[in-house]
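Heavy-atom basis, side chains included; hydrogens, waters and symmetry copies ignored. Not measured: the values here are computed from a predicted model.
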Number of protein chains: 2
Amino acid sequence: MNIRHLTFRLLQVYVAVVRSGSVSEAARQLHLTQPTVSQQLKRLAETLGEPLLESRQGRLVPTEAGTELYRASREVLGRFSDLDDYLEALRGGERGRFSIALVNTAQYVLPRLLGPYSCAFPEVDVTVHIGNRRQMLTRFERQEDDLYVFSHPPSLAHALAGRFLRNPLVAVAPREHRLAGREGIVMAELLEERFLLREPGSATRMLFESWLQEQGLSLGPTLQMASNEAIRVGVAAGMGVALLSEHVLPPEHSDLVILPVAGLPIESHWQFIVRRDRRLSHAALGFLRFAEGHLQECVESRFISNELGGLLGRLEEGGAAPSA
Amino acid sequence: MNIRHLTFRLLQVYVAVVRSGSVSEAARQLHLTQPTVSQQLKRLAETLGEPLLESRQGRLVPTEAGTELYRASREVLGRFSDLDDYLEALRGGERGRFSIALVNTAQYVLPRLLGPYSCAFPEVDVTVHIGNRRQMLTRFERQEDDLYVFSHPPSLAHALAGRFLRNPLVAVAPREHRLAGREGIVMAELLEERFLLREPGSATRMLFESWLQEQGLSLGPTLQMASNEAIRVGVAAGMGVALLSEHVLPPEHSDLVILPVAGLPIESHWQFIVRRDRRLSHAALGFLRFAEGHLQECVESRFISNELGGLLGRLEEGGAAPSA
DNA sequence: CGCCGATATAGATGATTACCTATACTGCAT
DNA sequence: ATGCAGTATAGGTAATCATCTATATCGGCG
């Protein structure tokens, strides 16, 4: 049997004939003419090298070989119909996988989106990578993930971006700090304090340092800790003051105060970044759509800055054509 | 996804590419050029409406959709490879089914062939129909079986025949019969006795009657019994005499004697009959081949008259071309 | 016997496939 | 930058497919 020229269509026709026990009837069902079906059957029988049907009291019944072919055909067609369903689900973003890379600070917010999303699309496998800005940039260069969350995007030459959340950096101090409760603080005053800083390579630190440079200011004594949590706890314990994303602070923070320093908060926005040269998985696209639609249910409204519509629009245009 | 133009060949190519992780390598394995394979992949991806492969550090790896297609392809190709094996077995006569119709008398011999055959080909389903000549002729007209065993074939217009066994009809009498031990008996003497006869429609009876007619003889008193066994036992019990196939007599028959009547035994031959208009199943053909080869091991040699070679020869010529 | 429905065969045609050769592109290693 | 191996694209061609219409054949049935 030479399998090469066997088409699924041929099997479909054959199955219809066996089911109806008649060439003419099958032809009607398939919207073909009777000779077409006859000829297909003939070709199929030649391919298999065996007679498939014989006429018994006016009805076509499969031979031994034909019966087995019928079984095989049904299994095979069924298998591909399942595959079709699977692809349909993939395309709809109901199933599949994607990975997303977050800068550290964003891990305080993204679960609010990812949680409801996973409940809505339980068949999608999500992998979340977290690290500081520098680490995430490396992943970005290597095209290791479908989505990235940065507050300042890398070169947009190879990427599209869409803002979705404000990320204000505020000055925090222990509740009993000497400046606590004061109005009109200026940063110069604060710089006399010991600052708890994230490591170089952190986005928070980068933002802070470039802001200071703009203002023509420079840091006094510092202490470096590679985690927002550690810094927050450190500040509460009186180790010093710090600039932190507001998202890092718990809703109730009785042991910390936000100092109203002039020029603060430093405003930045988190954005989803998508590489333009890598095809975006349907699942990731589905997540972006979900994020656009459900942001206000998941995050306090004062942080929201939903510009995902634009990103989605640009993705639909450019990224729809499938290519091997 | 439009399944219509999907060929198994395409899946074979795809599987080879996924396996080797390279278009060029797959092309080499398949004895195709690289562009051919590339183009097939492209077409496959278009058919499925999804990208299937992406290049990861120099190796082509399947996407989500591609992985699922790979699975489906392997299952489907495997299924058809199994089908191929099955057909191969069918063709070789190692598997399948056939039915054979025997005239009553032949049931005393055919199991000697069918038994060893079934042991040699346990995957073949054999159905045996037994009845008198008239009943078997009806089955023959209706083309109900693959093989028939007659001593005198019906019209050979639609059939081929091959003799394989002598079927001598001998006169039997009870051991203490007045003619037992006598030489040179003539049938006229015997006809005075009561004859136990098979029913009209039986081959044995038909043979006997036409023989009598040729000899210009006619029967005296008769008693009719629709079974060879019943007649044999009846004769032994002194109910009369009879003409029976020698095959009906047990190897040791102390209660019966065969009378050496002039002109007896009536010689006839059993033959396998095959309809010419019905395709012979591979299994039935296999059985005929088996019979030809193993006859002498299964039946006492004095009965053998193996002309099956000729029948097989004629079958090979005419019946080899498969047609739907 | 002749008709009827079902099936098979013949012959035609545009679309598609399965390949090829030649060439252009691309990413990585030197 | 330059090659090189791998991949994609372009363009061509013979084979084949899918499908049709028209016609022949067959198997029953009244």
Side-chain angles (χ1 to χ4, degrees), chain A residues 2-14 16-18 20-47 51-62 66 141-143 158 275 277-279 321-324, chain B residues 2-14 16-47 51-62 66 141-143 158 275-279 321-324:
Chain A
N2 190 2
I3 221 175
R4 293 163 76 106
H5 296 271
L6 209 51
T7 60
F8 281 63
R9 174 60 165 173
L10 225 43
L11 301 186
Q12 285 177 330
V13 170
Y14 177 66
V17 172
V18 172
S20 62
S22 149
V23 170
S24 303
E25 179 50 31
R28 277 188 288 275
Q29 286 171 15
L30 297 166
H31 306 292
L32 293 173
T33 59
Q34 169 268 315
T36 299
V37 175
S38 277
Q39 196 234 39
Q40 310 261 50
L41 282 180
K42 190 175 173 186
R43 192 155 59 82
L44 188 57
E46 277 162 8
T47 305
L52 300 174
L53 299 168
E54 49 195 1
S55 163
R56 278 228 189 284
Q57 53 223 34
R59 215 181 133 76
L60 289 175
V61 297
E141 301 297 341
R142 295 195 187 143
Q143 316 188 18
H158 302 105
R275 291 203 61 108
D277 43 8
R278 191 180 195 279
R279 187 183 62 94
S323 71
Chain B
N2 191 2
I3 220 175
R4 292 162 77 107
H5 294 270
L6 208 52
T7 59
F8 281 63
R9 174 59 165 172
L10 225 42
L11 301 186
Q12 287 178 328
V13 170
Y14 178 66
V17 172
V18 172
R19 281 226 173 87
S20 62
S22 148
V23 171
S24 302
E25 180 50 32
R28 277 188 287 273
Q29 285 171 17
L30 298 164
H31 306 291
L32 294 172
T33 60
Q34 169 267 315
T36 299
V37 175
S38 276
Q39 196 228 40
Q40 309 262 47
L41 282 180
K42 189 176 175 185
R43 191 155 59 81
L44 187 57
E46 276 162 9
T47 305
L52 301 174
L53 299 168
E54 49 194 2
S55 162
R56 277 228 190 286
Q57 53 222 35
R59 220 182 130 76
L60 289 174
V61 297
E141 301 297 343
R142 295 194 188 143
Q143 315 188 20
H158 303 106
R275 291 203 62 108
R276 233 187 299 210
D277 44 9
R278 191 181 195 280
R279 187 183 62 94
S323 72

Subject >> Results of side-chain contact (heavy atoms from CB on, under 4.5 Å) for B/Arg59 - residues two or more places apart only >> reply: none

Give me the distances for all protein-to-nucleotides 13-17 of chain D N/O pairs that come in under 3.5 Å?
| residue | atom | partner | partner atom | Å |
| --- | --- | --- | --- | --- |
| D/dC17 | OP1 | A/His5 | ND1 | 2.9 |
| D/dC17 | OP2 | A/Arg43 | NH1 | 3.0 |

Original post:
Whole Å only: how far is the CG atom of B/Leu6 from the P atom of C/dT17?
Top reply: 10 Å

Subject >> Contacts of B/Ser24 that satisfy side-chain hydrogen bond (donor to acceptor under 3.5 Å, both in side chains) - sequence neighbours left out >> reply: none

Original post:
For B/Ser38, which residues count as a side-chain hydrogen bond (donor to acceptor under 3.5 Å, both in side chains) partner, sequence neighbours excluded?
Top reply: B/Gln34

Subject >> Contact list for residues 26-35 of chain A, test salt bridge (Lys or Arg N to Asp or Glu O under 4.0 Å), sequence neighbours left out >> reply: A/Glu25-A/Arg28

Where do N or O atoms of nucleotides 5-7 of chain C meet protein N or O atoms at under 3.5 Å, pair by pair?
| residue | atom | partner | partner atom | Å |
| --- | --- | --- | --- | --- |
| C/dT7 | OP2 | A/Ser22 | OG | 3.4 |
| C/dT7 | OP2 | A/Val23 | N | 3.3 |
| C/dT7 | OP2 | A/Ser24 | N | 2.9 |
| C/dT7 | OP2 | A/Ser24 | OG | 2.8 |

Original post:
Considering only heavy atoms from C-beta outward, does the side chain of B/Val17 approach that of B/Leu53 to under 4.5 Å?
Top reply: yes

Original post:
Taking CD from A/Glu46 and P from C/dA8, how many angstroms apart are they, rounded to a whole number?
Top reply: 13 Å

**OP:** Using whole Å, report how far CG of B/Leu53 lies from P of D/dT7.
**Re:** 10 Å

**OP:** Would you please test A/Leu6 and A/Leu44 for side-chain contact (heavy atoms from CB on, under 4.5 Å) and show each step?
**Re:** CA-CA 8 Å; A/Leu6 209 51; A/Leu44 188 57; 3.5 Å; yes

Subject >> Atom-pair distance (CD on B/Glu54; P on C/dT26), nearest Å >> reply: 18 Å

Original post:
Of the nucleotides C/dT21, C/dA10, C/dC19, which one has an atom closest to the side chain of B/Thr33?
Top reply: C/dT21

Subject >> Under 3.5 Å donor-acceptor pair, B/Gln39 side-chain atoms to D/dT9 base atoms >> reply: no

Original post:
What's the CZ-P distance between A/Phe8 and C/dT17, to the nearest Å?
Top reply: 14 Å

N/O donor to acceptor pairs below 3.5 angstrom from side-chain atoms of residues 7-14 of chain A, sequence neighbours left out:
| residue | atom | partner | partner atom | Å |
| --- | --- | --- | --- | --- |
| A/Thr7 | OG1 | A/Leu10 | N | 3.2 |
| A/Tyr14 | OH | A/Gly66 | O | 2.8 |

Subject >> Under 4.0 angstrom between B/Lys42 side-chain N/O and D/dT9 OP1 or OP2 >> reply: yes

Original post:
Closest to the A/Thr36 side chain: D/dC20, C/dC20, C/dA22?
Top reply: D/dC20

**OP:** Please name all residues satisfying salt bridge (Lys or Arg N to Asp or Glu O under 4.0 Å) with A/Arg275, sequence neighbours left out, ordered by chain then number.
**Re:** A/Asp277

Original post:
Is there a donor-acceptor pair closer than 3.5 Å between any side-chain N or O of B/Thr36 and the backbone N or O of B/Leu32?
Top reply: no

